[in-house]
Asker: 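My structure is below; once you've seen it, I'll send some questions.
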Amino acid sequence: QAPVSLGPSPPCTLKSCLCLRSSEAMSAVLKALPLLALLVASGADAGTVTPLQKVLQLLDGMQAKGKATKHDEEVEFAEFSQWCDSTRKATTKSIDEAKSQIEQLSADIAKAEADAEQLSTEISELDAAVAQAERELSEAMAVREKEHADYSATHTDLSESIDAIERAISVLKSREGDTPQSLLQVSEMTSLPKEAKATIESFLAMSSDDGLSAPSANAYEFQSGGVVGILEKLRHKFQDQKEQKAEMNAKANYEMLAQNLKDNIQEDKKRSTDKTATKAQRLEDAAVAKADLATTEAGKAEDEKKLADTLTACNAKSMEFEKNQVVRSEEIKAIEQAMQIIQSDEVSGSAEMHLPALLQSSAAGRRGTALVQLHGGESPQEAQRRERLTTFLSGRAQALGSRYLALVATHAGADPFGKVKAMIKDLIVKLMEQANSEADHKAYCDTELATNKLTRENKQSEVEELSANVDKHVAESAQLTEELAMLADALAELRKEQLEATSMRQKESATNAATVADAKAAQVAVERATKVLKDFYAKAAGGSALLQGQSGISQEMSNASKEPYTGMQSESGGIVGFLEVVLSDFARLETETSTAEDQAAAAYEKFMDESNEDIAVKETESGHKTAKKRDVDAETESLKKELELTQEELNAANVYYDKLKPDCVDNGLSYADRVHMREEEIQSLKEALNILDQQDLV
């Protein structure tokens, strides 16, 4: 509320003003009559102060007290107003910070809950992937067990067949008596080809025919050699079937598949565990943020209530202060008007004319007849009193260093008492006016100095706080810049590692592909060479017997004179064995290289996934830090502008203080010393006036 303006009094005509002043004077005199009567009864004998002067002294004291009280109230309200401004500013700032913090906490809660929900989805997907991989691993294990069981059964059957063939070959070569029994076991094998089975049965039929004579040794040997060749061919065939190449490939494929599935299961479980921990952390972050949000909202509500109460109290105090100031100003003006009326000729002239006579008549019985000053010249008593007055004023002027008392002392030594008396009264009034004017100026200075001091202190505090905040934000921006540079370096390093890993992977994949291709080609070549050798020696060993079997066994046995050449059968076995070892080595190379390729590809994919995830995390973090740095820089610029404005306000307050110092800051005598000196001067003038009043009474 704006203070009530007290405008100048409306103009008045001479007649109306005289009437107003006469009525005010008569009212003041009537109100002062009881006081004058009391003063006449109690203090007239002392002859120190006239009743009218006593009234002026009382009014002057009331005016000084009113001004002092008004000044004290102004200083107190200035401090209270400064407190209101500081409290309002601090509370408003706290509310704004709470609003910003509430927005940030709400965003953090939403982000944390969204992250937790996303993590829940990813965890469910990983758990489903783990369950699927475990089912595939279980199914692969069941298939592998069945394959291994089938292989074991086949391997056992082939081993038994090879063992039987080897025994039959051994019996045939040694011509033992249990040859039919051995061949019979061979002929009963389910895997025996029809041609071989027919040849063996023919041989067995020839051996068991009682009607025929026993064949010659050469015929028997020739016939048995054909059978041996067939058995050798069967043995090699069964040995080829017995080889573990297919089993090794199946086992390697299973182990590779099982290892990949186990790695995937382990990796997915680890990622699920990590994401579960991250989800728990994000939920905890959300809970902490919710607690902080509740606390912040409660603090904001409390600050808002405090601000409302403060504004209400400050407004009420401001209205009360304005009303009190209006009343006090009107009171001081009323006292000044009363003093002016009492000091006017209408009152003071009547008092000088009538009140001394009243005093003389009331004190006639006690003090005797009043002496009248002679107009023709000074009596010795008057000269003595003049000397006494001059000596008193000169001594006081010298003691106080007062030019006013020295001036009155000079005039008291030469001028008539009436003129000196009027001069003393004028000086008393002038000194009182100076006292009132200086009191007003002192009140103004005290108010302005107090307000300026509070302003300078507050602005200095704000400048220091803003400077600290600017430094803090600059340091935070520098820290964010450094962290962003580190993140950029880390991202560049990750991408470089990805490029290097991709290049190495491509080279490694090309090398492995070439190795597998070479191993496959070598296996085909070795198998072809082995087949050529096996086919040749099998044909060489069994071809002659089969050819003769078509013309009749007896004729062939009788016509055979010697064993035909069947090639280097003994050496061929070692070469074929070596070729089989070489073939096995190439097969193992292919399997191991394929397995290594799959493992390297899986490791590469895992590395790329992890590095891509790391890159995504770092890019997200970099984006957040970039946004935060942008906000910090914007806040820094805002703080710098606010600091600049506050510094300008502080400079303006300091300039205003420099302007106040010449008029308001004591450089010589203090205000209290000046007041005391002026009171001493007034008291001395009053004592001098008493001396003159005593002369009048005499």
Asker: So does Asp268 get a backbone contact from the side chain of Ser272, meaning a donor-acceptor N/O pair under 3.5 Å?
Answerer: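 No; zero donor-acceptor contacts below 3.5 Å.
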
Asker: Once you round to the nearest 0.5 Å, how far does CD of Glu136 lie from CG of Leu261?
Answerer: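 Rounded to the nearest 0.5 Å, the CD-CG separation comes out at 5.5 Å.
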
Asker: Working to the nearest 0.5 Å, report the span between CG of Leu119 and CD of Gln281.
Answerer: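 Leu119 CG to Gln281 CD: 11.5 Å, rounded to 0.5 Å.
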
Asker: Answer with yes or no whether the side chains of Gln523 and Glu590 bring together a donor and an acceptor at under 3.5 Å.
Answerer: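 There is such a pair between these side chains.
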
Asker: Lys279 and Glu122: salt bridge (charged side-chain N to carboxylate O under 4.0 Å, His left out), yes or no, with the steps?
Answerer: CA-CA 10 Å; Lys279 174 186 174 183; Glu122 294 176 357; over 6 Å; no

Asker: Answer yes when Arg588 and Asp585 have at least one side-chain N-carboxylate O distance shorter than 4.0 Å, and no when they do not.
Answerer: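 Salt bridge present between Arg588 and Asp585.
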
Asker: Check whether any side-chain heavy atom of Met141 sits under 4.5 Å from a side-chain heavy atom of Tyr254, and report yes or no.
Answerer: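 Counting from C-beta outward, Met141 and Tyr254 do come under 4.5 Å.
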
Asker: Can you tell me how far CG of Asp598 sits from CG of Asp263, rounded to the nearest 0.5 angstrom?
Answerer: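 Going from CG on Asp263 over to CG on Asp598, the span is 11.5 Å.
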
Asker: Can you tell me how far apart CD1 (Ile265) and CD (Gln132) are? Round to the nearest 0.5 Å.
Answerer: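 Spacing of CD1 (Ile265) from CD (Gln132) equals 10.0 Å.
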
Asker: Can Asp609 and Glu613 be said to form a side-chain contact (heavy atoms from CB on, under 4.5 Å), step by step?
Answerer: CA-CA 6 Å; Asp609 291 340; Glu613 184 177 356; over 6 Å; no

Asker: What distance do Lys629 atom NZ and Leu480 atom CG have between them, rounded to the nearest 0.5 Å?
Answerer: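 Here the interatomic distance stands at 7.5 Å.
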
Asker: What's the shortest heavy-atom distance between Ala286 and Ile109, and which atoms?
Answerer: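 That would be O-CG1, 4.0 Å.
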
Asker: Output yes when Lys290 and Glu113 qualify as a salt bridge under the 4.0 Å nitrogen-oxygen rule, no when they do not.
Answerer: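 Glu113 and Lys290: salt-bridged.
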
Asker: Any side-chain to backbone donor/acceptor pair from Thr595 onto Thr591? Under 3.5 Å, distance only.
Answerer: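 Yes; at least one donor-acceptor contact below 3.5 Å.
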
Asker: For Phe607 and Gln498, which heavy atoms make the closest approach, and how far apart are they?
Answerer: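 Closest approach of Phe607 to Gln498: CE2-CA, 4.2 Å.
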
Asker: For a 4.5 angstrom cut-off between non-hydrogen side-chain atoms, does Glu597 reach Thr515?
Answerer: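 No, side chains not in contact.
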
Asker: Under a 3.5 Å cutoff, is there a donor and acceptor pairing between the side chains of Glu635 and Asn469?
Answerer: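 No, because no side-chain N or O of Glu635 sits under 3.5 Å from a partner of the opposite role on Asn469.
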
Asker: Less than 4.5 Å apart, any side-chain heavy atom of Arg282 and any of Lys111?
Answerer: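 Heavy-atom side-chain distance check passes, below 4.5 Å.
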
Asker: Main chain of Asp96, side chain of Ser100: is a donor-acceptor contact present, judged purely on distance under 3.5 Å?
Answerer: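 Not confirmed, Ser100 side chain does not pair with Asp96 backbone.
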
Asker: Does some side-chain heavy atom of Asp108 sit less than 4.5 Å from a side-chain heavy atom of Asp285?
Answerer: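 No - every pair of side-chain heavy atoms lies 4.5 Å or more apart.
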
Asker: Return yes if some donor-acceptor pair links the side-chain N/O of Ser611 with the main-chain N/O of Met608 below 3.5 Å, else return no.
Answerer: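 Between the backbone of Met608 and the side chain of Ser611 there is a qualifying donor-acceptor contact (under 3.5 Å).
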
Asker: Mind listing the closest non-hydrogen atom pair of Leu643 and Ser467 along with its distance?
Answerer: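 Residues Leu643 and Ser467, closest heavy atoms: CD1-OG, 3.6 Å.
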
Asker: What heavy-atom pair brings Val632 and His473 nearest, and what distance separates the two atoms?
Answerer: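 For Val632 and His473, the tightest heavy-atom pair comes out as CG1-O, 3.4 Å.
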
Asker: Using every non-hydrogen atom in the two residues, find where Ala98 and Thr296 come nearest and quote the distance to one decimal.
Answerer: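 Shortest heavy-atom separation between Ala98 and Thr296 comes out as O-CG2, 3.8 Å.
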
Asker: Using only atom types and a distance under 3.5 Å, with no angle test, would you say the side chain of Thr273 pairs donor to acceptor with the backbone of Lys269?
Answerer: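 Present.
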
Asker: So do the side chains of Leu494 and Asp614 get within less than 4.5 Å of each other, counting heavy atoms only?
Answerer: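 A side-chain contact exists here, since the closest heavy-atom pair is under 4.5 Å.
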
Asker: Would you say the side chain of Glu610 lies within less than 4.5 Å of the side chain of Glu267, judging by non-hydrogen atoms?
Answerer: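 Yes, close enough: below the 4.5 Å cut-off.
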
Asker: For the side chain of Ser503 and the backbone of Leu499, is there at least one donor-acceptor N/O pair under 3.5 Å apart?
Answerer: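 No, because the side chain of Ser503 does not come within donor-acceptor range (under 3.5 Å) of the backbone of Leu499.
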
Asker: Tell me whether Lys618 is salt-bridged to Glu621, with the criterion being a basic N under 4.0 Å from an acidic carboxylate O.
Answerer: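 No, this pair does not count.
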
Asker: Check step by step if side-chain contact (heavy atoms from CB on, under 4.5 Å) holds for Val143 and Glu139.
Answerer: CA-CA 6 Å; Val143 171; Glu139 293 172 358; 5.5 Å; no

Asker: Please find the pair of heavy atoms, one from Ser94 and one from Asp303, that lie closest to each other, and give the distance.
Answerer: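 For Ser94 versus Asp303, the nearest heavy atoms are OG-OD2, 2.7 Å.
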
Asker: If we check side chain to side chain donor-acceptor pair (under 3.5 Å) with Lys300, which of these qualifies: Glu302, Glu297, Glu304?
Answerer: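 Of all the options given, the one that passes is Glu304.
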
Asker: Heavy-atom count around Glu117 CD within 6.0 Å, excluding the residue itself: above 12?
Answerer: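 At most 12 heavy atoms, drawn from other residues, nucleotides or ligands, come within 6.0 Å of this atom.
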
Asker: Do Gln479 and Glu483 have side-chain atoms, one donor and one acceptor, less than 3.5 Å apart?
Answerer: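 Indeed, the side chains of Gln479 and Glu483 share at least one donor-acceptor pair under 3.5 Å.
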
Asker: Please round to the nearest 0.5 Å and tell me the distance separating atom CD of Gln259 and atom CD of Gln266.
Answerer: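 Answer rounded to 0.5 Å: 8.5 Å.
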
